[in-house]
Amino acid sequence: MIDLAAIQAARARLQGQVLKTPFTHSRTLSDILGAEIWLKFENLQFTASFKERGALNRMLALAPQERAQGVIAVSAGNHAQGVAYHAQRMGVPAVIVMPRFTPTVKVANTRRFGAQVVLHGDTFDDAQAHGYELARERGLVMIHPYDDPAVIAGQGTVALEMLEDQPDLDAMVIAIGGGGLISGIATAARAIKPGIEIVGVQTERFPAMYAAIRGEAMAAGHYTIAEGIAVKSPGVITQDIVRRQVDRIELVSESDIEHAIVVLLEIEKTVVEGAGAAGLAALLHEQAAGGSRFRGKRVALVLTGGNIDPLMLGELIERGMVRAGRLARIRVDLRDLPGALAHATKLIADAQANITEVHHQRAFTALPVRNVEVDFVLQTRGPEHIQEVIDALNAAGFAASNHDH
């Protein structure tokens, strides 16, 4: 149903309508991981995700009457924006059904592209059921986010571009939600380079495809930072392709993904959402566990999307700084006497650390009366510097300790 020819035809149709995104070698990540790392910047598409490719390829296949009638999609994220944007460009009426809890910024972005947004249900499944109902009532064509041959073929164009730019790739590490992207990529890559290794990545909280392939029942969680791949039931078509074409699926934790987002921001100066960092998260996790499956290989990662809430990004940066020892919280026990706090802050300043917050604690402490606990939040150069500050305070008679965690 989906073969290399279908993906090549999709490539020809999409020419000039979606970006051929950069595919570049990351020297720093390669040094860190001991492999040759290549990054595909799909977060640079106009709607900041690869989803445009499949959505547009499906819509270009509409008959004239279907175009006039319009399309419908159920999505709270990137698929919604891809469908809405290209429907607007093509002059096709679009209805997007989103769950009621969808963040207002996503609703606003989708409306900006001229789509009619219908908010319905508390869960994605409720919204989906309503979407199919509306499609029947109004005679609209459903543009499925992943379980559709034309959508899968559109996503597969990512692989054609990667192998065109770097024919010598050994492996591709690809995030899996419903499986549309990895199905298209695996189909194209295997046809061009049969020996290539295709690895899928899911989150521990939403391991639907991983569980389906292994024939296991694994419960889904309630939330993941990688909401773009938080799919509870994988596609029927995609599951079949993954079974046949994908070598293995890795699971990553929330903290693996958080870490990968900050690494990409710091090293590559690029913003990705949780799902967009899943591939790198798998490589960093593998390395931390002492594995060497990717050592020395040419590995492609797709940065699938960049739609992340700026407030969440701010939190992740701070947490990343804590993990790296560049932001620290130390607790100091002081006598509650004039000048004691000033003495402590001078010692910290002399040790070249910058104080960003001070929390003075009198009542909520087990210390004797006339003693206080003070928590200092400091900007430091790293773990050794934190220890220098603590040693300086202890040497001056203050009881100081690290209270990062």
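Predicted model only: the values in this text are computed from it and were never measured.
- Between the side chains of Gln81 and Thr110, no donor N or O sits under 3.5 Å from an acceptor N or O.
- Scored by the side-chain hydrogen bond (donor to acceptor under 3.5 Å, both in side chains) test, Ser75 finds no partners at all (sequence neighbours excluded).
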Legend entry - Steps toward salt bridge (charged side-chain N to carboxylate O under 4.0 Å, His left out) verdict (Lys51, Glu42): CA-CA 9 Å; Lys51 289 281 191 180; Glu42 283 297 293; over 6 Å; no

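- Looking at residues two or more places apart in sequence or on another chain, you find no salt bridge (charged side-chain N to carboxylate O under 4.0 Å, His left out) involving Glu384.
- Comment: Glu164 engages Arg11 in a salt bridge, judged by a side-chain N to carboxylate O separation of less than 4.0 angstrom.
- Scored by the salt bridge (charged side-chain N to carboxylate O under 4.0 Å, His left out) test, Asp148 finds Arg58 as partners (sequence neighbours excluded).
- Contact of the Leu264 side chain with the Leu39 side chain is registered, since non-hydrogen atoms from C-beta on lie closer than 4.5 Å.
- Annotation: side-chain hydrogen bond (donor to acceptor under 3.5 Å, both in side chains) contacts of Arg112 (sequence neighbours excluded): Asn109.
- Not counting sequence neighbours, the partners of Glu258 by the salt bridge (charged side-chain N to carboxylate O under 4.0 Å, His left out) test are Arg319, Arg323.
- Ring planes of Phe23 and Trp38: tilted class, angle from 30 to 60°.
- Residues passing the side-chain contact (heavy atoms from CB on, under 4.5 Å) test with Ala230, sequence neighbours excluded: Phe206, Thr224.
- For residues 171-182, the set of pairs meeting the salt bridge (Lys or Arg N to Asp or Glu O under 4.0 Å) definition, not counting sequence neighbours, is empty.
- Defined by atom type and a distance below 3.5 Å, a donor-acceptor pair is present between the side-chain atoms of His359 and Glu357.
- The pair Asp31-Arg27 does not meet the salt-bridge criterion, since no charged nitrogen lies less than 4.0 angstrom from a carboxylate oxygen.
- Surrounding CD of Glu216 are more than 12 heavy atoms belonging to other residues, nucleotides or ligands, all under 6.0 Å away.
- With sequence neighbours excluded, no residue forms a salt bridge (charged side-chain N to carboxylate O under 4.0 Å, His left out) with Lys193.
- Screening residues 284-307 for salt bridge (Lys or Arg N to Asp or Glu O under 4.0 Å) gives Glu197-Lys297, Glu250-Arg293 as the qualifying pairs, with residues at least two apart or on separate chains.
- Here side chain to side chain donor-acceptor pair (under 3.5 Å) pairs that include residues 299-309, with residues two or more places apart or in two chains, are Asn78-Asn307.
- Ring pair His343/Phe398: centre-to-centre distance below 6.0 Å.
- For CZ of Arg243, the number of neighbouring non-hydrogen atoms (other residues, nucleotides, ligands) closer than 6.0 Å is greater than 12.
- Between Tyr132 and His130, the distance from one ring center to the other does not fall under 6.0 angstrom.
- Applying the salt bridge (Lys or Arg N to Asp or Glu O under 4.0 Å) definition to pairs two or more places apart or across chains, those involving residues 180-190 are Arg190-Asp247.
- Within the structure, every pair that satisfies the side chain to side chain donor-acceptor pair (under 3.5 Å) test and touches residues 133-142, not counting sequence neighbours, is listed here: Gln116-Arg138.
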